[in-house]
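So the structure is just underneath, and the comments pick up after that.
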Amino acid sequence: MGVNVLNRLVRNTTSKPQAQPTSTKSLTNVILTLLKEGHLQKAVSLLFASPEPVSYSLYAHLFQTCSSNSAIVEARKVESHLVTFFPTPPIFLLNRAIETYGKCGCLEDARGLFEEMPQRDGGSWNAIITAYTQRGFPDKALSLFVCMYRSGVYANEITFASILGSCAAVLDLDLSRQLHGLIEKYGFQRNIILGSSLVDVYGKCGILSDARKMFHEIQCPNAISWNVIVRRYLEMGDGKEAIFLFFQMLSTDIRPLHFTFSNALVACSSIPALEEGMQIHVVATKISYLEYQLVSSSLIDMYTKCGKLDDAFRIFDQLGSKDLVSWTSIVSGYALSGKTWEARKLFDEMPERNVVSWNAMLSGYNRFFQWEEALDFVFLMLNTTEDVDHVTLGLILNVCAGLSDLELGKQAHVYIYRHGFYSNVIVGNALLDMYGKCGNLNGARIWFYQMTEWRDGVSWNALLTSHARHRLSEQAMPLFSEMQLVTPPTKYTFGTLLAACANTFALEHGKQIHGYMIRHGYEMDIVIRGALVDMYSKCHCLDYALMVFKEVASRDLILWNTIILGCCHNRMGREALELFRIMNNEGMKPDHVTFQGILLACVDEGLVDLAGQCFESMSNEYFVLPRLEHYQTMIELYSRHGHMNELENFVKRMPFEPTVPMLTRMVDACREHKYSRLGDWAAKQLIELVP
DNA sequence: CTAGGGTTAG
């Protein structure tokens, strides 16, 4: 503040605050009344126009009010008045001024005053350090702290609290430990604010053991201390411990912050833990915390994540005022559990939407492979709102991949490039996936090398998957070796590699991967076991496939289909049929893939009648609509086993015209079995189709 | 007197 400096130098009045005339006293009273009534601007104008100084305490009061109102113009006026009438104002008032400038976000004013002060005390350093910490410049705060330390000014509790906040922001674990040592050396360790700050900084640095140790050293943790420790466990993905600590807090007589309720509920959503969530619901109701939108929104989300849509909806429905977040929560609850129609109905009713609401709805369509609806929704979104973020773009790319629409995917790529989203790793990986799924392996490769700077393990997996999908499984192994130098493999990596082994009949590689996973304790989920079954059966090692299959406790449809088709691959039709029988007994509903396996088994075993019955039972008993490949397999069945009458009846009863491969197969079969009536017809059809 | 925590939804 150049003007203020000038004032300080030019003015040489020697007025003292203690000798106040009556007019000043009344002025003070008027200003105080104005402040009390919230007229800060008027109060400051009055002060500014007054040629008299006021008491130190009134200046302090004015600064404080400017602080809480972020009134920068008024703060400058107050400082100006102060330095005009006091050539050497008390340091503490200038410290207040620095703090006020900091709170108003005017760091230049704060720094200017700090630099110009004729004398500084520890409070001045604290004020400027706190200003930088709170306005989001932790590096500057830390370097100022070093200056302070070097210039021999002692740090006090306030300094430590502030500087720990900066450590937490930049995750400087080493400095935090040093500060911890100093705090104990100076005997500040019983300060609850410093204790909580240390819990905070250790937790943010991911050292929960130290955070927990520090927490236990706090004699009487307050609501903030509890909130910190619960939150840190939640952030590190240990929802269980977060919930445990929350309930421990409830057994003390501390009244929890409503934020802590929200954190505990989010922890329940993350596990998910319905029982505990319901208990928290009860407690929150008892102490009227559902009044907080934050708590009720978290509660709605907890119920949806625990699969209790009805309960979630009941709370939502009874909500006094439904805010954007609770609307979005309920929509996402329906959308992500497959009830996209209900979700859409609610979405259309929303009084307002933001990018998260749009993304939630779109995610629902994507998760349940409703690509057409998703695409319509994308266009609706782009026509309605400008609000598009990296999540939206990732979802749009998923739609392109789902529809195998490379052109659309390329358009999205251009958009992403133009709008600077390309260096986002989520978007980048979605792009890789899109190129792979749209059949453009080269595009995927080029993009993979372009994203060298910011790719992660997922990028490698995506590229591996693209290679495996393009029957370039031989190249997957060298790629995997390259990958291992950079990033550790995950179960997704192995899933892809096993599929690659299956496609290239690389039994030895497959066995090595299986062994590697067992030795290194990788999670053997149902997808991995399915990949193992598939790999072993495609490598003609059906015994191993069956062994892995039998180890799975709860089998899903995909796993059943894999083993049934595996038997077919190994020309073990009878075993396939036997497995189908067991599957039925276990109450598993077959789908079109299962029936394709069954029909193939019948072809192989020459079970023409059984195949016919199965084909009939598809639509009659199991309500599985026969697809093109089922009709084709039936044609193969009759052709191969010379059942020409049945073949003719079957083809004539088909709900669509036979395809070229079907006709070709029929012509061959009719020639072989001298059945010219159908053969001639098929040949004629063929000529019309292929001129 | 100044200092600590916390923003739920994709």
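Below, each value reflects all heavy atoms present in this structure, side chains not excepted, and no hydrogens, waters or symmetry copies. Not measured: the values here are computed from a predicted model. Every chain is numbered from 1, with letters handed out A, B, ... down the list of sequences.
- Of the candidates dT7(B), dA3(B), dT2(B), the closest approach to any side-chain atom of Thr130(A) belongs to dA3(B).
- What separates CG of Leu179(A) from C1' of dA3(B) is a distance of 14 Å, to the nearest Å.
- Across all strands shown, Asn354(A) has heavy atoms under 4.0 Å from base atoms, whether or not it also approaches the sugar-phosphate.
- The side-chain tip of Arg231(A) does not point at the ring of Phe259(A) from less than 6.0 angstrom away and within 45° of straight on.
- If you check every strand for non-hydrogen atoms under 4.0 Å, Arg232(A) touches sugar and phosphate atoms only.
- Spacing between atom CZ of Phe261(A) and atom P of dG5(B) amounts to 21 Å, rounded to whole angstrom units.
- Nucleic acid contact for Ala360(A): sugar-phosphate only, since backbone atoms but no base atoms lie under 4.0 Å from a heavy atom of the residue.
- Across all strands, Ser329(A) comes closer than 4.0 Å only to sugar-phosphate atoms, never to a base (heavy-atom distances).
- Following rounding to the nearest Å, Ile183(A) (CD1) and dG4(B) (P) show an atom-to-atom distance of 13 Å.
- Tested against Tyr56(A) for a ring pair (Phe, Tyr, Trp, His ring centres under 6.0 Å), the candidates Phe85(A), Phe63(A), Phe86(A) yield a single pass: Phe86(A).
- With rounding to whole Å, Asp323(A) atom CG is found 12 Å from dA9(B) atom P.
- If you check distances only, the side chain of Asn191(A) does reach the base of dA3(B) with a donor-acceptor pair under 3.5 Å.
- For dG4(B), its base sits under 3.5 Å from the side chain of Ser196(A) at one donor and acceptor pair at least.
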ask   = Between Trp226(A) and Phe246(A), does a side chain to side chain contact (heavy atoms under 4.5 Å, CB included) hold up when you go through it step by step?
value = CA-CA 8 Å; Trp226(A) 281 103; Phe246(A) 179 80; over 6 Å; no

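- Between Arg231(A) atom CZ and dG4(B) atom P there is a gap of 17 Å when expressed in whole angstrom units.
- Taking 4.0 Å as the cut-off between side-chain N and carboxylate O, Glu99(A) and Arg96(A) count as a salt-bridged pair.
- A ring pair (Phe, Tyr, Trp, His ring centres under 6.0 Å) with Phe347(A) holds for exactly one of Trp327(A), Phe377(A), Tyr365(A); it is Phe377(A).
- When each of dA9(B), dT7(B), dT8(B) is scored by its nearest atom to the side-chain atoms of Asn263(A), the top-ranked nucleotide is dT7(B).
- Atom-to-atom, CG of Asp389(A) to P of dA9(B) comes out at 15 Å; the value is rounded to the nearest Å.
- Residue Ile129(A) contributes atom CD1, which lies 17 Å from atom P of dT2(B) at whole-angstrom precision.
- In the set dT8(B), dG5(B), dG4(B), the nucleotide with an atom closest to the side chain of Gln134(A) is dG4(B).
- Note on Ile192(A): a base of the nucleic acid sits closer than 4.0 angstrom, heavy atoms only.
- Considering only the side chain of Ile224(A), dG5(B) comes nearest among dT2(B), dA9(B), dG5(B).
- Salt bridge present: Asp348(A) and Arg344(A) bring a charged side-chain N and a carboxylate O closer than 4.0 Å.
- Among the heavy atoms of the strands lying under 4.0 Å from Asp200(A) are primed sugar atoms or P, OP1, OP2 only; no base atom is included.
- The side chain of Asp301(A) lies closest to dA9(B), out of dA9(B), dA3(B), dG6(B).
- Heavy atoms of Val325(A) sit under 4.0 angstrom from at least one base atom.
- Following rounding to the nearest Å, Gln189(A) (CD) and dG4(B) (P) show an atom-to-atom distance of 20 Å.
- Using a 4.0 Å heavy-atom distance criterion, Glu235(A) is classed as making no nucleic acid contact.
- In this structure, of dA9(B), dG4(B), dT8(B), it is dT8(B) that holds the atom nearest to the side chain of Ser262(A).
- Nearest to the side-chain atoms of Leu257(A) among the listed nucleotides dA9(B), dG5(B), dT2(B) stands dG5(B).
- Each of dG5(B), dT7(B), dG6(B) was ranked by its minimum atom distance to the side chain of Leu294(A); first place goes to dT7(B).
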